[in-house]
Amino acid sequence: MFLSVFDVFKIGIGPSSSHTMGPMSAANRFLDLILSDDWPRPSGAHVAAVRMSLHGSLAYTGIGHGSDRAVILGLMGERPDSVDPDRMDAIVAEVERTGRITPPGHPGYAFQPKTDLIFDKKNPLPGHANGMTFSAYDRDDRLLLKRIYYSVGGGFVVTDTELEQMRTSKARASDKKVPFPFASAKQMLEMAERSGMTIAQMKRANEEATMSRDELNAGLDRIWEAMKTCIDRGLRNEGIMPGGLKVRRRARSIHDKLQEEWRSNKANPLLANDWLSVYAMAVNEENAAGGRVVTSPTNGAAGVVPATIRYYQHFHEDADQDGIRDYLLTAAAVGGIIKHNASISGAEVGCQGEVGSASAMAAAGLAAVMGGTPEQVENAAEIALEHHLGMTCDPIAGLVQVPCIERNALGAVKAVTAASLAIKGDGKHFVPLDACIETMRQTGVDMNEKYKETSTGGLAVNVVEC
């Protein structure tokens, strides 16, 4: 099994990898399909109009998550990793004004967002909670082409056919030949023991089967640079976040207080936790505002990994760039195992699959750079995930703000605690990581749909919107 580090960590825009990046990528795929020969185009027929509908969780929380905006941007040819955040509002406004989408390389198609983009809450699609239908019509309004896509978490998008293939063959990753094709934590530990290599070294060997060492290092550095830039933006910005809840950004004010404490040498027994929290909140405030973030493994959980890396830089004297690379490789190895055997989608298994997975990845990465053995790294990931089991996804008003922003801060704190506990042990522990991942999957299956990113249960219905 091989899932690249660049599949786990993707640069994109907020506020949600499933609800923003996924729909944008689905729109990209549909545009590419229109121009291709991969569908039975009637002789002389030309696409004149496009329509689409959002289903399931995308329908219930799509407005709060900005899914409609993401679809419009995607249909204009913008892509998650390259769209200019400063131009997004103008692009959407132009489509709303003209009633047309004009992606590069296309003749332009009719698309009225108010009538051609439907939030269909009554008809969920069977494959996944995050379903979308895209349709193309000729000038006589005859249906020419229809495709169903599913946003399965972390920005990944598949067709209904691809989803079925994934479920029947477990082919959730590419078939590329790699030297250490571990699909479970058990296999990962067995390969580490036989090879005498760390998890990061095995993951690096897998990646370098498809790219050069320089390319890999440059890509890892680009991921960290995007994460670091996001933290810095979040620590600078202030004000009210969009969406109507009137939630105020807090990261900058907390950061200012921490800097004042630092300069004055005031004793603070919670110093590490405070810095962890403010770094995580900075990222997720940026995410909530639609800024550029890195899926880690999702946007809703994007603050946990960057916060713990910044913590590593801040509090560990031996922290360096190679350490950050090893951290990311280790975290990606654990994230890939979780995605392969369970889910990272809040709409599929609740927030245990988002912040829980992120905390497990962060704990593994931190344990690795603290000198942990593969067994201690696996133990750290298990501790972090175990103590997120059962966590629901119930964002108020469908916005990735409450409880999501603070939840990332606590996920980072748990990750550091898990890594510390594991490092102080010998790697032997009662619950294997694989058992914990399977428990998360089963818990997600049993979880009521109203607690899986639909905003129809939990805090979303028990807190009065102001």
Minimum heavy-atom distance between [X] and [Y], given as atom pair plus value:
X	Y	result
P23	S151	CD-OG, 4.3 Å
A301	N284	N-ND2, 4.5 Å
T392	R407	O-NH1, 2.7 Å
V8	G336	CG2-N, 4.3 Å
S345	H128	OG-CE1, 3.7 Å
G154	S18	N-OG, 4.3 Å

Backbone N/O of [Y] and side chain of [X]: donor-acceptor pair under 3.5 Å:
X	Y	value
R252	N237	no
T439	A435	yes
E453	S57	no
D434	K186	yes
R41	S36	yes
H65	T61	yes
E207	V5	yes
N341	I337	yes
D81	G12	no
E225	D221	no

Going from [atom1] on [X] to [atom2] on [Y], what distance comes out if it is rounded to the nearest 0.5 angstrom?
X	Y	atom1	atom2	value
Q352	I344	CD	CD1	13.0 Å
D326	L329	CG	CG	6.5 Å
L73	M76	CG	CE	8.5 Å
E348	S343	CD	OG	3.5 Å
D68	M52	CG	CE	10.0 Å
L58	H19	CG	NE2	4.5 Å

Is [X] positioned over the aromatic face of [Y], cation under 6.0 angstrom from the ring centre and no more than 45 degrees off axis?
X	Y	result
R51	F111	no
K10	F156	yes
R310	Y279	yes

Self-check item: Those residues that, when tested against Y311, pass ring-ring contact (aromatic ring centres under 6.0 Å, His included) (two or more places apart)
Solution: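 By the ring-ring contact (aromatic ring centres under 6.0 Å, His included) rule, Y311 matches F315, H316.
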
[X] side chain near [Y] side chain, heavy-atom distance below 4.5 Å:
X	Y	result
N130	Y150	no
L399	P15	no
I240	V247	no
S135	V50	no
T295	S17	yes
R79	S25	no
F9	V305	yes
L125	I148	yes

Check ion pair [X]-[Y] (N to O, under 4.0 angstrom):
X	Y	value
K452	D394	no
R100	D116	no
R249	E238	no
R250	E406	yes
R87	E94	no

Practice problem: Would you indicate whether D141, at its atom CG, is surrounded by more than 12 heavy atoms from other residues, nucleotides or ligands within a distance under 6.0 Å? | Solution: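 Yes, enclosed.
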
Quiz prompt | Enclosure of Y109 OH (heavy-atom neighbours >12, cutoff 6.0 Å) | solution =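 More than 12 within 6.0 Å, yes.
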
Practice problem: Quick one: do E78 and M88 satisfy side-chain contact (heavy atoms from CB on, under 4.5 Å)? Show the steps, please. | Solution: CA-CA 9 Å; E78 300 291 344; M88 293 191 298; over 6 Å; no

Practice problem: Apply the test side-chain contact (heavy atoms from CB on, under 4.5 Å) to residues M241 and R248: give CA-CA distance (whole Å), side-chain angles for both, the deciding distance (0.1 Å), then the verdict. | Solution: CA-CA 6 Å; M241 286 178 287; R248 183 176 295 278; over 6 Å; no

Exercise. Starting from the C-alpha separation in whole Å, work towards a yes-or-no answer on side-chain contact (heavy atoms from CB on, under 4.5 Å) for D89 and R69.
Key: CA-CA 9 Å; D89 288 344; R69 192 161 170 260; 2.8 Å; yes

Quiz prompt | Step-by-step side-chain contact (heavy atoms from CB on, under 4.5 Å) determination, V463 to V402 | solution = CA-CA 10 Å; V463 177; V402 182; over 6 Å; no

Quiz item: Does the salt bridge (Lys or Arg N to Asp or Glu O under 4.0 Å) test come out yes or no for D7 and K339, once each step is laid out?
Solution: CA-CA 11 Å; D7 291 326; K339 181 173 176 59; over 6 Å; no

Does either side chain, that of [X] or that of [Y], offer a donor lying less than 3.5 Å from an acceptor on the other one?
X	Y	result
N123	D120	yes
N217	R222	no
T454	T456	yes

Practice problem: Scan L31, L33, L75 and name whichever one has a side-chain contact (heavy atoms from CB on, under 4.5 Å) with F134. | Solution: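 So the option named by the test is L75.
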
Quiz item: Relative to the ring of F30, is the ring of Y149 parallel (under 30°), tilted (30 to 60°) or perpendicular (over 60°)?
Solution: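 Correct class here is perpendicular.
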
